[in-house]
Amino acid sequence: MMTVTEIFEKTRPWWLERVKISLGNLIGLIPHFEEFLGKIFDTIAKCMPSGNMAEIDRAIQEWAQLVVNAQLPPNQVNWVEVWVKIMETTFQTNQNRLNEAECLALNSALQPVFSHAINQASVVEIKNCTWHLENELLRVRQILERIEDSKSDFISVAAHELRTPLTLIEGYTSMLREAMPTEDTRRLQAALCLKGINSGTKRLRDIVDDMIDVSMIDNNLLSLNFQPIWLNRIFDSVKREFQDILVERKLDFKIYPFNGSSEMIFGDGERLFQAFHNLIANAIKYTPDGGSISVDGRSLPGFLEIVVADTGIGIDPEQHNKIFEKFGRLGNVSLHSSGKTKFKGGGPGLGLPITKGIIEAHGGAIWVESDGHDEIKCPGSKFHVMLPMRKSPPNDRTSHFFSQH
Ligand code: ADP
């Protein structure tokens, strides 16, 4: 009577031939394919009589590594499928080539080996997939970080490079103003030029300042100067800034008093002015002539909620997060006319990220509510700002904490 090992050995040539056909799709993916099949056969043969599966575990690990080393995507070789195919082909070969008694004896001996191998292969398969996914995630994260770094580097380099020539132009403009000709017509011409240069440099100065602010926020360098402030006074000063433009654009602007708006709280007055100035400038920019803008709010436990609402073109819900990212301006960049308060006059897309940075540095939050973008129906937008109602300036440690967003 032959042993199961001897019976299995007898099937070797047929086994190699049949398994090679059934695993044909792996030829080319696995180096030295025939040698590889021979090793599988030997490993099965070794584990079968002893029931010791250590050998097969080691082999499965080794083969999985072949795929990892070849940097093949995980779906190219499915080890569970490979083992199921080997098992099926083996049983078929045994049935075709052996007599009933031999076939039964061999298949019963092989069954635990295959069950173990399939189990082990599925563990390896999952590990392999996880490894690939982790690698992919890492790659994506590195790309994102590179983009983020290059944006941030670009802003700080560009801002600092622009600052020097800008200061030069501003200096020469004021020298020119003093050296103005006295003759009337030439004086008028020169004054006109100066006005042009002035408004150009002012716009450039605003952009450079915004770029510096964004890079400070990005690098956690925005430090706040906590002072007693009154929100209604801040809103009034912003309104005064825009008085002429509100009349020119026939925009109705209302500031509603609310619980807490006339109370003294601690905050950085200049920075909060800048934040609400940005929100109201946007409300003006994205509301057609004749529309209305309002500032309202309410008091909540420990917080004040301020809402800047407009009857403008609105913002698509999918864009509600994007607009708070730097350069997150929407629409076709080339269609934007430039101008700080013209209808749809675009900017560089830095206003909202700065506003968000300022509010978050105060320990607050900002978000937008709008049904969508429609330049005909004008669904409007509401910017909600939550600001902690601080009754005393934060101490050094907490101010550091609040400036980390
Ligand atoms: P920008 O300099 O382009 O105004 P912001 O960061 O201030 O940059 O705003 C980003 C984008 O958010 C704008 O380009 C605009 O598309 C959209 N947006 C901001 N505020 C409003 C608003 N009140 N109504 C409609 N769209 C707005």
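Just the heavy atoms: all of them, side chains too, but no hydrogens, waters or symmetry mates, feed the values below. Atoms within a ligand are numbered from 1 in the order they appear, just like the ligands themselves. Only a predicted model underlies this, so the values are computations on that prediction, with no experimental measurement involved.
- The contact set between ligand 1 and G349, taken as ligand atoms under 4.0 Å from a residue heavy atom, comprises 1 (P), 2 (O), 3 (O), 6 (O), 8 (O).
- The aromatic rings of W15 and F8 sit perpendicular, their planes meeting at an angle over 60°, well past the 30° parallel limit.
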Show me the donor-acceptor pairs, under 3.5 Å and distance only, between side chains in residues 292-314 and residues at least two apart or in other chains.
from	atom 1	to	atom 2	distance (Å)
R298	NE	E305	OE1	2.8
R298	NH2	E305	OE1	2.8
E305	OE2	H384	ND1	2.7
D310	OD1	G312	N	2.9
D310	OD1	S381	N	3.1
T311	OG1	S292	N	2.9
T311	OG1	S292	O	3.4

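- Contact annotation: for L352 versus ligand 1, heavy atoms closer than 4.0 Å belong to both the backbone and the side chain.
- Contacts of D310 with ligand 1, taken as heavy-atom pairs under 4.0 Å, involve the side chain alone.
- Note on ligand 1: P353 sits in its first shell, one or more heavy atoms being nearer than 4.0 Å.
- Using modelled atom types, one finds no donor on one side chain facing an acceptor on the other under 3.5 Å when comparing T11 with T93.
- Across the listed options N278, I315, I323, D210, I315 owns the non-hydrogen atom lying nearest to atom 27 (C) of ligand 1.
- Stacking of R233 on the aromatic ring of W230 is recorded, both the 6.0 Å distance cut-off and the 45° axial limit being met.
- Every atom of ligand 1 with a heavy atom of K285 under 4.0 Å away is listed here by number and element: 1 (P), 2 (O), 4 (O).
- With a heavy-atom cut-off of 4.0 Å, Q319 does not touch ligand 1 at all.
- Ligand 1 is never approached by F324 to a heavy-atom distance shorter than 4.0 Å.
- For the 3.5 Å distance criterion, the side chains of H373 and E375 qualify, holding a donor opposite an acceptor.
- Nearest heavy atom pair, residue A109 against residue P112, reads O-CD, 3.4 Å.
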Show every donor-acceptor pair shorter than 3.5 Å between a side-chain atom in residues 262-271 and any protein atom, with sequence neighbours excluded, or say none if there are none.
from	atom 1	to	atom 2	distance (Å)
E263	OE1	K391	NZ	3.2
D268	OD1	E270	N	3.2
D268	OD1	R271	N	3.1
D268	OD2	N225	N	2.8
R271	NH1	D213	OD1	3.3
R271	NH1	D213	OD2	3.2
R271	NH1	Q274	OE1	2.7
R271	NH2	D213	OD1	3.4

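- Listed by number with element, the atoms of ligand 1 under 4.0 Å from a non-hydrogen atom of G314 are 25 (C).
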